[in-house]
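Scope of the values below: all heavy atoms of this structure, side chains included, with no hydrogens, waters or symmetry mates. Just so it is clear, the structure is predicted and the values come from calculations on it, not from any experiment.
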Amino acid sequence: MTKRTKRIVSGVRTTGRLHLGNYLGSLKNWVDIQNEKKFECFWFLANYHALTTGFEKPQLAGDFLFPLYADLMAIGLDPDESTIFIQSDIPGHSELFLIFSMITPLGWVERNPTVKDMIRDYDVKSNVTYGLLGYPVLQAADIALYKGDMVPVGKDQLPHLELSREVVRRFNNLYGNFFPEPQSKLTDVPLLNGLDGKKMSKSLNNTIYLTSSEEEIEKAVKSAITDPGRVYRKDPGTPEVCNIFSYYKIFAPEHVEEIRKECETAGIGCSQCKKRMMGILSGIISPFREKKEELINTKAGKDRIYTSIFEGRKKAQEVASNTINEIKDIFHFEVKHD
Ligand code: TRP
Ligand code: SF4
C-alpha cells in the first residue's frame, strides 16, 4: 500500500440510530472518501459528545455503541480500510480536550452558533453545563489528536470546525507549529428535512432511519405533509410546496420533471406519488438494513464487530499516544532523571 499522507477525521454522536439525514449530510461522504483510498481515515463514535446533552441518561451514550458500530459497517465503512473506533476508548481525547480548554478564550465558545442551536433544540437553557460549552473544544481535540487535515461534516458543523481551526492556530502560535489546520469537506447534498418540512430530528418524531423497516418507511412517507392546497384527487398540485417532492429532488432527480408535470396536471394522486417514493427510499435503505441484520444476528457478524472495535482501538491508540507524548514534551511533563 502506498503511504497515504493526508489524514481524515470525523465522528458521529451516539445519541440514537442513524437517520437518512446523517447519511446524506456526512456519512455517505465518509464512505466515498474511504473508497477513494487516497487518505488515512479515522472514524469514531463520539460518546463523550453524546453526554454533553444526554448526561441524565448515561446508558444511552453507551447502549448505542454496538448497533452504531454495526451501522457504520453496514453502510460500507470497512475496518480494514479505515480506523473505526470509540472515542472513550482513547484517553487522549480527554487529555487533549483539557489542554485545549486552557487556551480557548471563553468568548469563542460562548458565541458559537451551533452550541446556541443545541441549547435551543435540546431545551437545556436552564441546565447548560461546562461540558456543553466545551463541546467544540472537545471536537477540536478529536481532530487534532490524529493531526487531522480534513473533516467531512454536515453544514451545521461549520462553526465547530472554525473553532477547531482557531484553537489549533492558537496552540501553534503559542507552542510552535504542531497541528495542521483542519479543513472541512462538505457533501454537496442539501440538508435533508423531515417529511413534515422541519429539521430531521428524533425529538420531532419525523425521522427516517438508515435501517428502517419497510413498515417504518411506509409510516413515515404516509404521514408526510404534501401540498395542503391539493384537497381532492382532481385538484392540480403545486409540487414546490410539497415535502414528498423535495425528496424526489434529492433521491430521484431523474423522476423530478415527470412528477412535476403529473402533479401540476393532477395526473398522479398523492397516495400513488407517495407509494413511488416509498419504493425509492426502500431501495436505498434495505441493503443497509440487510447488511446490518447479517452483522448483528449471526455469530460471525458479531465476532467481526467485536474484533473490529478492538483493532480500531489499537490503531487509533498508536497515533493518539504519539501526539500526547509529543505534547507532554512541549509542557515538560515528563520529569527526566538527569
Ligand atoms: N459534532 C459532530 C456532530 O454532531 C460529531 C463530532 C464529534 C465530530 N467530534 C467530531 C465530527 C470531530 C467531526 C470531527 O455531527
Ligand atoms: Fe406532492 Fe406528489 Fe402529491 Fe404532488 S402528487 S402534492 S408532488 S405528493
Side-chain angles (χ1 to χ4, degrees), residues 4-50 68-87 90 93 96 112-115 117-118 135-169 179-193 199-200 210 250-251 284 288 308 312 315-316 319-320 323:
R4 300 172 195 175
T5 44
K6 295 253 179 219
R7 292 237 177 95
I8 309 280
V9 183
S10 197
V12 59
R13 300 211 310 154
T14 57
T15 46
R17 293 169 68 187
L18 296 178
H19 55 68
L20 266 181
N22 300 131
Y23 181 67
L24 288 180
S26 60
L27 298 173
K28 185 175 179 306
N29 212 1
W30 296 13
V31 178
D32 293 343
I33 291 170
Q34 168 194 273
N35 293 343
E36 274 178 53
K37 298 190 190 240
K38 282 209 304 239
F39 307 105
E40 220 183 311
C41 301
F42 294 81
W43 318 117
F44 67 95
L45 298 177
N47 53 337
Y48 283 139
H49 278 101
L68 279 177
Y69 203 97
D71 277 337
L72 296 186
M73 288 172 72
I75 63 169
L77 292 178
D78 177 354
D80 295 328
E81 286 293 332
S82 300
T83 300
I84 311 173
F85 63 98
I86 296 169
Q87 187 183 34
I90 312 296
H93 291 258
L96 192 53
N112 180 299
T114 306
V115 171
D117 282 356
M118 288 175 80
Y135 185 109
V137 184
L138 177 58
Q139 184 155 338
D142 295 337
I143 300 163
L145 188 59
Y146 303 94
K147 301 196 176 163
D149 299 287
M150 238 193 318
V151 186
V153 282
K155 268 197 199 121
D156 63 317
Q157 296 292 308
L158 290 182
H160 287 340
L161 252 285
E162 183 58 35
L163 187 116
S164 293
R165 276 192 294 278
E166 285 173 322
V167 172
V168 158
R169 218 174 284 146
F179 294 117
E181 282 183 26
Q183 306 303 315
S184 51
K185 195 175 182 332
L186 284 179
T187 337
D188 49 11
V189 179
L191 275 183
L192 181 71
N193 283 327
K199 186 178 169 192
M200 190 176 278
L210 213 44
I250 293 173
F251 295 106
I284 298 169
F288 297 150
S308 304
K315 284 196 279 177
V319 179
T323 307

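Residue N47 comes nearest to Q87 through the heavy atom pair N-OE1, 3.2 Å, listed as atom of the first residue, atom of the second, then distance. The minimum heavy-atom distance linking S184 with L158 is given by the pair OG-CD2, 3.5 Å. Listed here is the closest heavy atom pair of L96 and A141: CD2-O, 3.6 Å. For L145 against T323, the heavy-atom pair with the smallest separation is O-OG1, 2.7 Å. In this structure, P180 and G148 approach most closely via the heavy-atom pair CG-O, 3.6 Å. For the pair A316 and T83, the tightest heavy-atom approach, listed with the atom from each and the gap, is N-CG2, 3.7 Å.
Side-chain atoms of H49 come within 3.5 Å of backbone N or O of Y135 as a donor-acceptor pair. Judged by distance alone, with hydrogens and angles left aside, the side-chain atoms of Y23 form no donor-acceptor pair with the main-chain N or O of N29 at under 3.5 Å. For S10 (side chain) and P152 (main-chain N/O), a donor-acceptor pair under 3.5 Å exists by modelled atom type. In terms of modelled atom types and a separation under 3.5 Å, the side chain of T114 and the main chain of D156 share a donor-acceptor contact.
Taking the six-membered ring where the residue is Trp, the centroids of Y48 and H93 are separated by 6.0 Å or more.
Side chain to side chain, W43 and S82 meet the donor-acceptor criterion of an N or O pair below 3.5 Å. Judged by distance alone, the side chains of D149 and Q183 never bring a donor and an acceptor atom under 3.5 Å apart.
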Residue pair L210, R17: steps toward the side-chain contact (heavy atoms from CB on, under 4.5 Å) verdict: CA-CA 8 Å; L210 213 44; R17 293 169 68 187; over 6 Å; no

- prompt: What's the verdict on side-chain contact (heavy atoms from CB on, under 4.5 Å) for L161 and Q139, showing C-alpha distance, side-chain angles and the deciding distance?
  reply: CA-CA 8 Å; L161 252 285; Q139 184 155 338; 3.9 Å; yes

- request: Decide ring pair (Phe, Tyr, Trp, His ring centres under 6.0 Å) for F44 and Y146; before the verdict, give the C-alpha distance in whole Å, the side-chain angles of both, and the deciding distance to 0.1 Å.
  value: CA-CA 12 Å; F44 67 95; Y146 303 94; 7.3 Å; no

message: For Q157 and V151: C-alpha separation, side-chain torsions, deciding distance, then whether side-chain contact (heavy atoms from CB on, under 4.5 Å) applies.
response: CA-CA 10 Å; Q157 296 292 308; V151 186; over 6 Å; no

query: Going through the checks in order, is the side-chain contact (heavy atoms from CB on, under 4.5 Å) test met by L192 and I250?
result: CA-CA 8 Å; L192 181 71; I250 293 173; 3.6 Å; yes

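Taking CD1 from I143 and CZ from R7, the interatomic distance works out to 13.5 Å, rounded to the nearest 0.5 Å. Here the CD1 atom belonging to I84 is positioned 7.0 Å from the CG atom belonging to D78, to the nearest 0.5 angstrom. In this structure, NZ in K315 is found 10.5 Å from CZ in F85, a value given to the nearest 0.5 Å. Considering SG of C41 and NZ of K6, their distance stands at 13.5 Å, rounded to 0.5 Å. Here N35 contributes atom CG and W30 contributes atom CH2; the two are 14.0 Å apart, rounded to the nearest 0.5 Å. Between the CG atom in N22 and the CG atom in L68 there is a gap of 9.0 Å [rounded to 0.5 Å].
Contact check on R165 versus E181 returns no salt bridge, with no Lys/Arg side-chain nitrogen under 4.0 Å from an Asp/Glu carboxylate oxygen.
Side-chain contact between F251 and I284: present, with at least one pair of heavy atoms (C-beta onward) separated by less than 4.5 Å. Between H160 and V115 there is a side-chain heavy-atom pair separated by less than 4.5 Å.
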